2 protein chains.
Amino acid sequence: MNDGDGGAVPAAPRKRADARRNERTLLDAAAAVFVTSGVEAPVRDIAARAGVGLATIYRHFPTRADLIIAVYRHQVEACAEAGPALLASGATPHAALGRWINLFVDFLVTKHGLAAVLQSDSAGFDTLHAYFLDRLVPVCAQLLDAAAVAGEIRSDIDAYELMRGVGNLCIGADSDPRYDARRLVELLIAGLRLPH
Amino acid sequence: MNDGDGGAVPAAPRKRADARRNERTLLDAAAAVFVTSGVEAPVRDIAARAGVGLATIYRHFPTRADLIIAVYRHQVEACAEAGPALLASGATPHAALGRWINLFVDFLVTKHGLAAVLQSDSAGFDTLHAYFLDRLVPVCAQLLDAAAVAGEIRSDIDAYELMRGVGNLCIGADSDPRYDARRLVELLIAGLRLPH
DNA sequence: TACGATAAGGAACGTTGTTCCGTTTGGCAA
DNA sequence: TTGCCAAACGGAACAACGTTCCTTATCGTA
């Protein structure tokens, strides 16, 4: 829990100015390209957009997944933090759960292809997988527990499974007007309800 | 609507013996490789397994999708035909729907990666998409209608959307013991129920 | 200003799906 | 039986991608 130098992390020896500038540029370029071409856009496109060499991307972000994480970190954090807030907001736990899931679905659905990549088991997206799960599953578990304790939902489903299911339902939700992930997720959450 | 020779389709001029033999061999090889390496196995693996050149695959199956369709056609047909049978079997329409969906889920879940490929919007899988939808959506619609008419389920969801949702839920169901697609699909179907 | 560590750039590699082309062969007619 | 040629074959070749490598340029400092 401590690196042995008595303070916080050893304060990475501070990168060079051009390096910091490029990281910034890359994040912006990636975000822009993700919006127009989706999360699976070729690395070369991002490099070109940033006016930067290929290796530069990989030096800053060891794998595509790390780049994706960096681009969306803020929003994922916000989603994670919204969980306890919703729970404390006075609504019933089941209502809080529903709203939180909606937040998550809105996030996923607006990110071209992110849901698809999120479940891809092709090694290399492991860190992406891990990040999302580590950050969001505990939040979901908390909401789920609260609702179960309140006797509002069945308790034979765990947060991991639910998150994966919701993520899966979001796949391809953009780019297909006939498919509305939100409605299906609602159905799924409705299916959780215990007949009182 | 007629080719002018007065009969059914012009009876494709009958392929050469080696061609027919190879098609057979390819289907077997593909089926075997799909089982061990999943539906996304490299074309080269299938060619090698069949002891055949690469072009031979593409000559018989213009695209990967066509090969996949050919391999699973029998099972898809069986599933499609099971729909009306279940409906006529005496159970309630909702029960028939549930059982039919289970059939479909069982099929998908046991085919390494098929569910994933089924929703992939990368052009080239269009024909695969089309085949599954053309064949199964009408069957699903029939079951859905029957259940709606019987007043067992809400009627604000259409067959296409449901099939896509179920397909999505099946993604990654193999290769992850913590994820049980069947349970989630059950939840989804349960969510369809109308409070009576 | 000169030097060395840090970072950049793009060519190069490995893996895929797909196409092309020179070669082989099955089936039929003489 | 023999000879022909369209049909079919095999694998090299191409294009797109992620990733790595090696050479060159640059930043920060003494």
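Numbered from 1 within each chain, the chains take letters A, B, ... in sequence-line order. Computed from a predicted model, the values in this text were never measured in an experiment.
Rounded to whole Å, the distance from CG on B/D18 to P on C/dG27 is 7 Å. Distance, B/R21 CZ to C/dT25 P: 11 Å, rounded to whole Å.
You'll find the side chain of B/D45 stays beyond 4.5 Å of the side chain of B/R49, heavy atoms only. A/F61 has its side chain out of reach of A/I69: every pair of non-hydrogen atoms, C-beta onward, lies at least 4.5 Å apart.
Residue pairs satisfying the ring pair (Phe, Tyr, Trp, His ring centres under 6.0 Å) criterion with at least one member in residues 119-145 of chain B, sequence neighbours excluded, are absent. Pairs of residues two or more places apart, or lying in two chains, that qualify as ring pair (Phe, Tyr, Trp, His ring centres under 6.0 Å) and include a residue from residues 81-115 of chain A are A/Y72-A/F107.
B/R135 is linked by a side chain to side chain donor-acceptor pair (under 3.5 Å) to B/E77, counting only residues two or more places apart in sequence or in another chain. Residues satisfying the side chain to side chain donor-acceptor pair (under 3.5 Å) criterion with B/T92, sequence neighbours excluded, are B/E152. When the salt bridge (charged side-chain N to carboxylate O under 4.0 Å, His left out) test is applied to B/R16, the partners found at least two apart in sequence or on another chain are B/D18.
Close to C/dA7, at under 4.0 Å from its OP1 or OP2, lies no side-chain N or O of A/N22.
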Distance-only donor-acceptor pairs under 3.5 Å for side chains of residues 137-147 of chain A, two or more places apart:
none

Side-chain donor/acceptor pairs under 3.5 Å, residues 155-171 of chain B, sequence neighbours excluded:
from	atom 1	to	atom 2	distance (Å)
B/D156	OD1	B/R154	NE	3.1
B/D156	OD2	B/R154	NH2	2.9
B/D158	OD1	B/E161	N	3.2
B/Y160	OH	A/D176	OD2	2.3
B/E161	OE1	A/R183	NE	3.1
B/E161	OE1	A/R183	NH2	2.9
B/E161	OE2	A/D180	N	2.5
B/E161	OE2	A/R183	NH2	3.3
B/R164	NH1	A/D176	OD2	2.8
B/R164	NH2	A/I171	O	3.3
B/N168	ND2	A/N168	O	3.2
B/N168	ND2	A/I171	O	3.1
B/N168	ND2	A/Y179	OH	3.2

Under 3.5 Å, sequence neighbours excluded: what are the donor-acceptor pairs made by side chains of residues 28-38 of chain A?
from	atom 1	to	atom 2	distance (Å)
A/T36	OG1	A/V33	O	3.2

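Mapping B/R16 and B/T56 onto DNA chain D via the closest heavy atom, the residue that lands nearer the 5' end is B/R16.
For the segment residues 28-36 of chain B, no residue has any heavy atom less than 4.0 angstrom from an atom of DNA chain C.
Atom CZ of B/R20 has more than 12 neighbouring heavy atoms from other residues, nucleotides or ligands inside a 6.0 Å radius.
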Restricting both atoms to N or O, compile the protein contacts to nucleotides 28-30 of chain C shorter than 3.5 Å, with distance only.
none

Dump the pairs, protein N or O against N or O of nucleotides 16-20 of chain C, anything under 3.5 Å, distances to one decimal.
from	atom 1	to	atom 2	distance (Å)
C/dG17	OP1	B/R64	NH1	3.0
C/dG17	OP2	B/V43	N	2.9
C/dG17	N7	B/R44	NH1	2.8
C/dG17	O6	B/R44	NH2	2.8
C/dT18	OP2	B/Y58	OH	2.9
C/dT18	O4	B/R44	NH2	3.4

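Protein chain A contacts DNA chain D from D/dC17 to D/dG28, reading 5' to 3' and using non-hydrogen atoms of the protein with a distance under 4.0 Å.
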* **Intermediate values then yes/no, side chain to side chain contact (heavy atoms under 4.5 Å, CB included), A/V39 and A/I68** => CA-CA 8 Å; A/V39 171; A/I68 298 176; 3.2 Å; yes
* Asked: Step by step, would you call B/L188 with B/L192 a side chain to side chain contact (heavy atoms under 4.5 Å, CB included)?
  -> CA-CA 7 Å; B/L188 192 66; B/L192 274 177; over 6 Å; no
